[in-house]
Amino acid sequence: MPQRIVFPEPGKVELRSFELPRPGPQDLQLRTLHSLVSIGTECTLLHQRYERPSHFSKMFSFPQLKTGVQAVARIEAIGAEVRGFSIGQPVYIRQAHCSHATLPSKDCSPIPAGADLRQASWAGLAKTAYRAAWAGRFGPGQNVLIIGAGPVGQMAVRWAHVMKAESITLVDPCQSRLDMAALGGRVRGLCGEAAQCQEALAEIADGHGASVVVDSTGHPEVLGDALNAAGRYGKVILLGDTGYPSQQHLNSAMMSKGLTLQAVHESHDIDGWTQERIDSLFFDHLVSGQFQLQGLITHEFMPEDFERVYETACGDPRDVMGLLIGWS
């Protein structure tokens, strides 16, 4: 019988059976191969690390059935009106951690031949990070600073690399995470908290500072550090969604430097950049070898290991990055 991971109450994880809906005429019935844990979001939800009101309190409640957001699956059945898909074809889906799913075909992204199916599970976090790449206009002439080398920060580094940013600087207190980022592109890593690295950050672009600063941490206090690190007339992008927005504060750098502050979210389909379009771009870079993801999957689990999955995800961040759950 199909199974899924649920959060019945704060701090508690369970593996439960469920009834799989029959596919309608425009649906696909899917068998999950593996799903990737979104460490920041899922630990925030599980342990209710957010204030009220906030984005999290408005979107989520317990029991929480939507525990994950990214998986790779194979098609087992196809609705009568669906075109362009075939039985056995691998697809990427934005779906909770579960063994089976029935979804509209429009919400399933075909994975091209030649793509590593384990690495393809990063498509969701790559899409989230692309929102920062779009907002910051990553490319030649842009000196990009990324604060936070977690999963989303890792994807932001890789977008900056393939889009040929002038320079890429990454700040994180975990050296192992900086080392993982170095495998994905030409990046200058600074080990420490952003507040501790202000002198080094001021040297970006020959002392002009970063033209684009991406805060991917979700920690409210980092906003001030990001504003301080931005160059004159630069842009600061909030990519990490904090659970405590009331603790985020502007400082005098916002006005004195003439900065622009923009928040982005994976759901922001702007300028035609939909999930399908970004997924396709990500897979093109993955197959061509431009998006290097080797070494980012640091742990693999079976569904029965659900308690250990979240003990690892919400524990010491050193040497923890991609947590893959195998359902096949």
Side-chain angles (χ1 to χ4, degrees), residues 1-6 15-38 41-42 59 63-128 130-131 155 266-269 272-288 291 293 297 300-304 306 309 322-328:
M1 191 168 186
Q3 294 180 306
R4 61 186 174 189
I5 294 174
V6 302
L15 183 65
R16 292 182 179 177
S17 299
F18 72 101
E19 293 289 338
L20 183 68
R22 293 179 61 85
Q26 298 182 13
D27 295 337
L28 298 177
Q29 185 171 297
L30 308 161
R31 175 73 164 93
T32 306
L33 299 177
H34 46 252
S35 55
L36 186 71
V37 176
S38 182
T41 299
E42 292 181 43
M59 294 289 294
Q64 181 55 239
L65 305 181
K66 187 174 176 57
T67 53
V69 292
Q70 52 213 351
V72 169
R74 287 195 187 276
I75 299 173
E76 289 193 328
I78 301 175
E81 298 177 5
V82 175
R83 301 292 182 268
F85 291 92
S86 59
I87 299 295
Q89 181 180 6
V91 293
Y92 167 77
I93 56 176
R94 296 190 64 75
Q95 181 66 11
H97 299 298
C98 57
S99 62
H100 298 75
T102 299
L103 294 172
S105 60
K106 65 180 180 61
D107 295 337
C108 303
S109 295
I111 299 175
D116 184 304
L117 295 184
R118 294 164 76 255
Q119 294 182 0
S121 61
W122 286 95
L125 293 172
K127 178 197 173 190
T128 299
Y130 185 83
R131 299 305 188 194
M155 296 300 103
E266 67 90 17
S267 64
H268 295 169
D269 289 353
W273 284 104
T274 62
Q275 174 181 322
E276 182 179 12
R277 187 179 176 190
I278 299 173
D279 288 348
S280 179
L281 181 62
F282 166 74
F283 288 134
D284 286 346
H285 288 317
L286 183 63
V287 172
S288 69
F291 231 82
L293 302 177
I297 295 175
E300 297 191 45
F301 300 94
M302 297 297 289
E304 294 77 12
F306 58 89
V309 169
L323 278 62
L324 202 69
I325 303 174
W327 294 91
S328 59

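Predicted model only: the values in this text are computed from it and were never measured. Residue numbers start at 1 and run along the sequence shown.
- Atom CD of Gln95 and atom CG of Leu30 lie 8.5 Å apart (nearest 0.5 Å).
- Taking NE2 of His100 as the start and CD of Glu19 as the end, the distance is 12.0 Å to the nearest 0.5 Å.
- From Leu324, atom CG reaches atom CD1 of Ile297 across 5.0 Å, with rounding to the nearest 0.5 Å.
- Between atom OG of residue Ser99 and atom CG of residue Leu33 there is a gap of 11.5 Å, rounded to the nearest 0.5 Å.
- Between Val37 and Phe301, the closest side-chain pair of non-hydrogen atoms is not below 4.5 Å.
- Proximity of Ile325 to Pro303: side-chain heavy atoms (C-beta onward) are separated by under 4.5 Å at one or more points.
- Screening His34, Gln3, Glu42 against His97 for a side chain to side chain contact (heavy atoms under 4.5 Å, CB included) leaves a single residue, Glu42.
- Annotation: the span from Glu304 atom CD to Leu15 atom CG amounts to 6.5 Å, rounded to 0.5 Å.
- Contact detail for Phe282 and Ala120: the closest heavy-atom pair is CE2-O, 4.0 Å.
- Shown here are the salt bridge (charged side-chain N to carboxylate O under 4.0 Å, His left out) partners of Arg74, two or more places apart in sequence or in another chain: there are none.
- Leu293 approaches Leu286 most closely through the heavy-atom pair CD1-CD1, 3.8 Å.
- Not counting sequence neighbours, Arg4 has no partner by the salt bridge (charged side-chain N to carboxylate O under 4.0 Å, His left out) test.
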Would you tabulate the side-chain donor-acceptor contacts of residues 82-94 under 3.5 Å, counting partners in other chains and residues two or more places apart, or write 'none'?
| from | atom 1 | to | atom 2 | distance (Å) |
| --- | --- | --- | --- | --- |
| Arg83 | NH1 | Ala80 | O | 2.9 |
| Gln89 | OE1 | Ser86 | N | 3.0 |
| Tyr92 | OH | Arg94 | NH1 | 3.2 |
| Tyr92 | OH | Gly124 | N | 3.1 |
| Arg94 | NH2 | Glu266 | OE1 | 3.4 |

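- Every pair passing side chain to side chain donor-acceptor pair (under 3.5 Å) that includes a residue from residues 112-122 is listed here, sequence neighbours excluded: Arg118-Glu300.
- Atom SG in Cys98 sits 14.5 Å away from atom CZ in Arg16 (nearest 0.5 Å).
- With a 4.5 Å cut-off on side-chain heavy atoms, Arg131 and Ile278 count as touching.
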If you look only at distance, which donor and acceptor atoms sit under 3.5 Å apart when one is on a side chain in residues 101-114 and the other is two or more places apart or in another chain?
| from | atom 1 | to | atom 2 | distance (Å) |
| --- | --- | --- | --- | --- |
| Thr102 | OG1 | Pro21 | O | 2.7 |
| Ser105 | OG | Gln26 | O | 3.3 |
| Ser109 | OG | Asp279 | OD2 | 2.6 |

Exercise for review: Using the side-chain contact (heavy atoms from CB on, under 4.5 Å) rule, take Thr128 and Val69 through it: C-alpha gap first, then chi angles, then the decisive distance, then the call.
Suggested key: CA-CA 11 Å; Thr128 299; Val69 292; over 6 Å; no

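- Pairing each heavy atom of Val309 with each of Leu323, the nearest pair is O-CD2, 3.4 Å.
- Looking only at side-chain heavy atoms (C-beta outward), Met155 and Phe291 come within less than 4.5 Å of each other.
- Residues meeting the salt bridge (charged side-chain N to carboxylate O under 4.0 Å, His left out) test with Arg31, sequence neighbours left out: none.
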